[in-house]
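Worksheet: the structure to be examined is printed underneath.
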2 protein chains.
Amino acid sequence: MAKYPKIPEATIRRLSNYLKCLENLENKNEKVASSASLASICNVNAAQVRKDFAYFGEFGIRGMGYNVKELKNNIKEILGINREWRIAVVGIGNMGSALLVYKDFLKQNYRIVAAFDIDPVKVIGNISERMGRPVEILHIDRLKEVVAARKIEIGIITTPPQEAQKVADLLVNANIKGILNFSPAPVRAPDNIKVRNLFFTSALDNLVYYLTN
Amino acid sequence: MAKYPKIPEATIRRLSNYLKCLENLENKNEKVASSASLASICNVNAAQVRKDFAYFGEFGIRGMGYNVKELKNNIKEILGINREWRIAVVGIGNMGSALLVYKDFLKQNYRIVAAFDIDPVKVIGNISERMGRPVEILHIDRLKEVVAARKIEIGIITTPPQEAQKVADLLVNANIKGILNFSPAPVRAPDNIKVRNLFFTSALDNLVYYLTN
DNA sequence: TATTGTGAAGCCTTTCACAGCA
DNA sequence: TGCTGTGAAAGGCTTCACAATA
């Protein structure tokens, strides 16, 4: 732990973005990117780009720029995503089902290795089977057992909002390390568990604010 | 426009969060919330909460706190979401279909009034029909016409990443005002169009960074 | 008395400007 | 020459501490 000195949170957020942009450049067969070109793609200042990287090392070549592939790998290592992360999805409705087959997770080494619902039989009949059922849907009662057996570290919540906190508690009890909550009700967990609440409406709210003001 | 003075971007982001927390409190029949209680739920400093609101007016009662319902309405007005916003979803795969029936959008006055795909016939046979088809799936060629006819202001992109920029260009051409991109490829648009790229993996990347470091 | 609203201080982040280097 | 890496300056945000007040 504490592999790096104190890094601005905003820098960490931007790293993910740089990564997506670099993958894009790689797909276009671009080998090199300058801080200026990355900055323009990501809507930030070029000095910001250089400073963000400089927290972690000297990744660039003066007079040249950054090697796209190398920089990509460096960012992955910084973020800790240069290895597989095993994930459980809880709540296999429409959104949960969509995530089970979401292609970008696979590409990024995020592996959904278990799926849970309160009513797996119904779910299989309704949605998941039609999507090719990438993982078996299990009853929520088996959460703790399966999280341990399959070495799952992250839980994604895609239940209705009324169930979200209950599921979060179950995940904590199952010794999960981190929770990503897609349901529209904020969930809490003890301080040693990292929680991210991702509200779809927040992205729209933000957009709308800047459209209005 | 410019209804308010210069507000920190972070404040706008937090307002959405306060709103979700207030809705939660309202569901629990809480009538009043103090800056301290909101702060603890939202993991911010109490002075921060008060300052965030103070940019826009005096919403609280000294010695008492904030009236949950009033504060909720004030935030909605600030964000500009105290009216209906009409939305088109482009790309009706698993994620697009899930958004078409996403309940929290309805609750928040976000109305998906059109859905587009390159192959509406196939989509209807595959996914959307099974979800009760809340809106008719139209061919992407009709985008511009339908955006105008239905007074659509926001476009959501849920296509595969290779198509995302093309769709963004079509939305711009259709005189959309804002774009929310759910595909994992960043899209760009002229400065007068507001764009938000929402990458699911970014939320995981962030979580993983703090799990690792 | 309890809690808001807020000026001022402190801290953190961004940007500038240029030295350093391939 | 051109672009990175970085110290210093500028700017912005958060927190403190307390006056205001229901």
Side-chain angles (χ1 to χ4, degrees), chain A residues 2 4-18 21-22 25 30-75 78 206 209-210 213, chain B residues 2 4-18 21-22 25 30-75 78 206 209-210 213:
Chain A
Y4 302 111
K6 181 72 178 54
I7 310 292
E9 254 191 76
T11 293
I12 302 306
R13 257 202 310 277
R14 283 189 296 266
L15 286 180
S16 263
N17 273 292
Y18 298 142
C21 293
L22 289 166
L25 291 173
E30 305 273 351
K31 302 295 182 206
V32 177
S34 67
S35 60
S37 68
L38 270 177
S40 112
I41 299 175
C42 298
N43 292 310
V44 294
N45 178 292
Q48 181 81 82
V49 173
R50 296 196 294 276
K51 188 136 275 190
D52 281 340
F53 298 151
Y55 284 113
F56 304 98
E58 304 205 354
F59 300 149
I61 301 166
R62 289 166 198 232
M64 278 273 280
Y66 300 88
N67 177 303
V68 169
K69 195 170 179 174
E70 272 177 31
L71 183 56
K72 206 191 68 173
N73 289 332
N74 279 315
I75 295 177
I78 293 164
N206 195 282
Y209 175 83
Y210 290 104
N213 294 284
Chain B
Y4 302 111
K6 180 72 178 56
I7 311 292
E9 254 189 77
T11 292
I12 302 306
R13 257 202 310 275
R14 282 189 297 265
L15 287 180
S16 264
N17 273 292
Y18 299 141
C21 294
L22 290 166
L25 291 173
E30 306 274 351
K31 301 295 182 207
V32 177
S34 67
S35 60
S37 68
L38 270 177
S40 110
I41 300 175
C42 297
N43 292 310
V44 294
N45 179 292
Q48 180 80 81
V49 173
R50 296 196 295 276
K51 189 136 276 191
D52 281 341
F53 298 150
Y55 284 114
F56 305 98
E58 305 205 354
F59 300 148
I61 300 165
R62 291 168 198 229
M64 277 274 281
Y66 300 87
N67 177 302
V68 168
K69 196 170 179 175
E70 272 178 31
L71 184 56
K72 206 192 68 174
N73 289 332
N74 278 315
I75 295 177
I78 293 164
N206 196 282
Y209 175 83
Y210 289 104
N213 293 284

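Residue numbering restarts at 1 for every chain, and letters A, B, ... go by the order of the sequence lines.
Here the C1' atom of nucleotide C:dT6 and the CZ atom of B:F56 are 16 Å apart, to the nearest Å. The distance from atom CG of B:N67 to atom P of D:dA22 is 16 Å, rounded to the nearest whole Å. Spacing between atom CD of B:E70 and atom C1' of C:dT4 amounts to 14 Å, rounded to whole angstrom units. Taking atom NZ on A:K51 and atom P on C:dA17, their separation rounds to 14 Å, with Å as the unit. Going from atom CG of A:L38 over to atom P of D:dC3 covers 13 Å, rounded to whole Å. Distance, A:I12 CD1 to C:dT13 P: 11 Å, rounded to whole Å. What separates CZ of B:R50 from P of D:dC13 is a distance of 19 Å, to the nearest Å. Atoms CD (B:Q48) and P (C:dT4) sit 14 Å apart, rounded to a whole Å.
Ring orientation note: the planes of A:F59 and A:F53 are tilted relative to one another, at an angle of 30° to 60°.
With hydrogens and angles disregarded, no donor-acceptor distance shorter than 3.5 Å links the side chain of A:S16 to the backbone of A:R13.
In terms of heavy-atom proximity, B:N17 sits nearest to B:C42 at O-SG, 4.3 Å.
For the pairing with A:S35, the side-chain hydrogen bond (donor to acceptor under 3.5 Å, both in side chains) check across A:Q48, A:K51, A:R50 returns one residue only, A:R50.
At a non-hydrogen distance threshold of 4.0 Å, A:I61, A:R62 from residues 58-65 of chain A come into contact with DNA chain C.
Within the 4.5 Å cutoff, no side-chain heavy atoms of B:I78 are placed close to those of B:Y55. The side-chain heavy atoms of B:L38 and B:L22, taken from C-beta on, include a pair separated by under 4.5 Å.
For B:K6 and D:dG12, a side-chain-to-base donor-acceptor distance below 3.5 Å is absent, hydrogens and geometry of angles not being considered.
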Checklist entry - Would B:N67 and B:K31 count as a side chain to side chain contact (heavy atoms under 4.5 Å, CB included) if you check the C-alpha gap in whole Å, the side-chain angles of each, and the deciding distance to 0.1 Å? => result CA-CA 6 Å; B:N67 177 302; B:K31 301 295 182 207; 5.9 Å; no
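For D:dT14, one of the phosphate oxygens OP1 or OP2 lies less than 4.0 angstrom from a side-chain nitrogen or oxygen of B:R14. For D:dT4, one of the phosphate oxygens OP1 or OP2 lies less than 4.0 angstrom from a side-chain nitrogen or oxygen of A:S35. Taking 4.0 angstrom as the limit, A:Y66 places a side-chain polar atom (N or O) nearer than this to OP1 or OP2 of D:dG5.
Contact annotation for A:A46: no contact, since no heavy-atom pair falls under 4.0 Å across all strands.
Comparing A:A47 and B:A54 by the nucleotide of DNA chain C whose heavy atom lies nearest to each, the residue mapping closer to the 5' end is B:A54.
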